[in-house]
Amino acid sequence: MNGRVVSFTWGRGLGHVSRQIAVHSELRGLGWDSLLLTERAQRLIDDYGFTQTVLPTDADSLVGEALHGTGPAVDHGLARAMVTRVLRRDDVVLHDVTVQRELYDQAARLGCPQFLVHRFQRNRPDPPDWVSRHTPAIGTIYLLGEPGREETAHGVRVLGVPHVVRPLLDDRSPWPEDTRALRIAVVAGGGGHDDAPGFLTAALHGIREFARRRHAPADVDVLVLTGPHFDGAVLVPPGMPGPVRVRPYLGPAYDVYWHADAAITHAGYNTVQELVRSRVPAVAVPGVRDFDDQRVHLKAAACPTMVVAAAEEHAIASALAEALKGPAGTRSRPVTPPARAANGAARIALDLVASTP
């Protein structure tokens with residue numbers, strides 16, 4: 001009889017949510033049930049049809065991390081009671097990078113098998129050592145982007161897997177069918193981090209400068225995705241050569257990158273992997289994070305259609321011209337969508353099922 005996998009998604013951005021959806025979608029295909037505990041309600045989880053329960057969290061809710069929470073201190077007794085209520089002895093727990101304290105502690109008390117999905121973080125140069133010191137009940141680490149690696153270190157099983165890419169539910173275009181202008185997607189990182197307003201301003205100024213530099217001025221149709229947690233302002237500069245549409249969120253029925261002629265991104269892990277899948281010409285403007293390193297993600301992706309630029313309009317304009325290449329200003333990639341390749345989500349799901357009694 002198949003079981004249930006329980007995960008916690010840290011809600012400051014969409015990275016944890018997106019990866020967990022990818023893995024849990026594969027688990028669902030294998031006949032397993034899912035429960036996602038979240039730091040805040042996520043529309044993306046609802047769109048994929050998964051059950052979610054919001055836990056009260058703050059700075060002390062994560063094991064071994066100095067990350068800030070969502071506000072003043074919360075009642076951890078309530079969080080413990082909620083986890084105790086929903087977690088069953090026969091559940092399997094899958095963490096994604098961050099480890100939620102109440103979930104980890106209760107799973108350890110019940111003896112639930114625990115696994116950790118991990119991608120590069122500056123504060124964890126040795127993930128097995130970190131696990132052995134902070135979360136010894138976790139038996140397996142899945143290292144993203146390191147397929148073929150398999151070892152036991154510090155008493156922890158380490159399995160390298162390909163990168164994880166969340167599946168889309170459809171391939172609709174967010175642009176009108178009759179658009180003849182250059183379609184450019186501008187995507188803020190992490191669902192709307194604090195540095196998103198500056199990035200978006202630089203990107204829009206860069207697009208305007210790019211259009212001005214061309215021998216034949218280009219009309220553009222810009223789609224700005226701020227992220228559902230964005231609470232700043234998007235300042236559209238005067239003189240933009242075409243419409244600028246601003247949306248906080250587009251559901252998984254839309255394939256933004258495949259239908260774009262170019263993209264400008266803040267270079268988060270999941271965005272980079274989605275850009276690699278779509279092969280759209282892109283400008284990456286790496287953001288600065290507490291423990292993350294966007295440039296590491298870019299280097300690991302080794303995407304030939306991506307150009308890295310500073311968060312400055314002239315640098316972005318030059319990078320956009322380089323990414324597009326050629327006077328026509330149209331997509332320089334195959335006209336047919338790439339085949340869906342095997343990815344890390346499937347590898348994780350299959351191994352988790354095989355490793356669970």
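Note that the structure is predicted; figures quoted are calculated from it, not measured. Positions are given from 1 along the sequence.
Using a 4.0 Å cut-off between charged nitrogen and carboxylate oxygen, Arg119 and Asp96 do not count as a salt-bridge pair. For the pair Glu274 and Arg166, the salt-bridge criterion is met [side-chain N within less than 4.0 Å of a carboxylate O]. Look at Arg101 and Asp105 and you find no salt bridge, because none of the NZ, NE, NH1 or NH2 atoms lies under 4.0 Å from a carboxylate O.
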ask   = So Leu159 and Arg347, side-chain contact (heavy atoms from CB on, under 4.5 Å) or not? Walk me through it.
value = CA-CA 10 Å; Leu159 180 66; Arg347 183 73 178 91; 3.8 Å; yes
ask   = Going through the distances and angles, do Thr9 and Gln20 end up as a side-chain hydrogen bond (donor to acceptor under 3.5 Å, both in side chains)?
value = CA-CA 7 Å; Thr9 61; Gln20 290 284 17; over 6 Å; no
Working for side-chain contact (heavy atoms from CB on, under 4.5 Å), residues Leu30 and Asn2 = CA-CA 8 Å; Leu30 296 172; Asn2 295 337; 5.9 Å; no
key: Derivation of the side-chain contact (heavy atoms from CB on, under 4.5 Å) call for Val117 and Leu144   = CA-CA 7 Å; Val117 177; Leu144 300 181; 3.9 Å; yes
key: Criterion side-chain contact (heavy atoms from CB on, under 4.5 Å) on His16 and Thr98, from CA distance to verdict   = CA-CA 9 Å; His16 301 286; Thr98 57; 4.0 Å; yes
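Between the side chain of Gln52 and the main chain of Gln42, a donor-acceptor pair closer than 3.5 Å is present. A donor-acceptor pair is defined here as one N or O able to donate and one able to accept, closer than 3.5 Å; such a pair exists between the side chain of His259 and the backbone of Asp171. Counting only distance, with no hydrogens or angles, the side chain of Thr201 and the backbone of Gly198 share no donor-acceptor pair below 3.5 Å. Side chain of Asn270 to main chain of Gln273: no donor-acceptor pair is present (N/O by atom type, distance under 3.5 Å, no hydrogens or angles).
Heavy-atom minimum distance, Val86 versus Arg4: O-NH2, 2.6 Å. Closest heavy-atom contact between Tyr48 and Leu169: CE2-CD2, 3.7 Å. Residue Val54 comes nearest to Ala41 through the heavy atom pair CG2-N, 3.7 Å, listed as atom of the first residue, atom of the second, then distance. Taking every heavy atom of both residues into account, Ala137 and Gln114 meet most closely at CB-NE2, 3.7 Å. Here the closest non-hydrogen pair linking His266 and Ala188 is CB-C, 4.1 Å. Between Val156 and Pro128 the shortest heavy-atom distance is CG2-O, 4.0 Å.
Note that the OG1 atom of Thr135 and the NE2 atom of His95 stand 7.0 Å from one another [nearest 0.5 Å]. One finds the CG atom of Leu143 at 10.0 Å from the CD1 atom of Ile348 (value rounded to the nearest 0.5 Å). Atom OH of residue Tyr254 and atom CZ of residue Arg247 lie 6.5 Å apart, to the nearest 0.5 angstrom. From Ile264, atom CD1 reaches atom CG of Leu204 across 8.0 Å, with rounding to the nearest 0.5 Å. For the atom pair Leu78 CG and Glu102 CD, the distance stands at 9.5 Å (nearest 0.5 Å). In this structure, CZ on Phe115 lies 12.0 Å from CD1 on Ile141, to the nearest 0.5 angstrom.
Residues Leu275 and Val280 form a side-chain contact, since some pair of their non-hydrogen atoms from C-beta on lies under 4.5 Å apart. Contact check for Val236 versus Val224: no side-chain heavy atoms found under the 4.5 Å cut-off. You'll find the side chain of Thr53 stays beyond 4.5 Å of the side chain of Arg85, heavy atoms only. Contact of the Leu182 side chain with the Phe210 side chain is registered, since non-hydrogen atoms from C-beta on lie closer than 4.5 Å. Looking at heavy atoms from C-beta onward, Gln106 lies out of side-chain contact with Val93 at the 4.5 angstrom threshold. Residues Leu225 and Val186 fail the side-chain proximity criterion, which asks for heavy atoms closer than 4.5 Å. By the 4.5 Å heavy-atom criterion applied to side chains, Val97 and Arg124 are counted as neighbours. Taking the side chain as every heavy atom from C-beta outward, Arg213 and Ser318 approach each other to under 4.5 Å.
The cluster map of Ile, Leu, Val, Met, Phe, Trp and Tyr, joined by side-chain heavy atoms under 4.5 Å apart, puts Val5 and Val161 in the same cluster. Cluster membership check: Trp32 does not share its hydrophobic cluster with Leu116, using side-chain heavy-atom separations under 4.5 Å among Ile, Leu, Val, Met, Phe, Trp and Tyr. Cluster membership check: Val63 does not share its hydrophobic cluster with Phe8, using side-chain heavy-atom separations under 4.5 Å among Ile, Leu, Val, Met, Phe, Trp and Tyr. Put simply, Val99 and Leu35 are part of two different groups of oily side chains (I, L, V, M, F, W, Y) that touch within less than 4.5 Å, one to the next. Leu200 and Val283 end up in the same hydrophobic cluster when Ile, Leu, Val, Met, Phe, Trp and Tyr side chains are linked at under 4.5 Å.
The aromatic rings of Phe50 and His24 stand perpendicular to each other, their planes meeting at an angle above 60°, with 30° marking the opposite boundary.
For the side-chain contact (heavy atoms from CB on, under 4.5 Å) with Val158, the qualifying choice from Glu151, Glu150, His118 is Glu151, the only one to do so. For the side-chain contact (heavy atoms from CB on, under 4.5 Å) with Val222, the lone residue among Arg208, Met240, Arg183 that qualifies is Met240.
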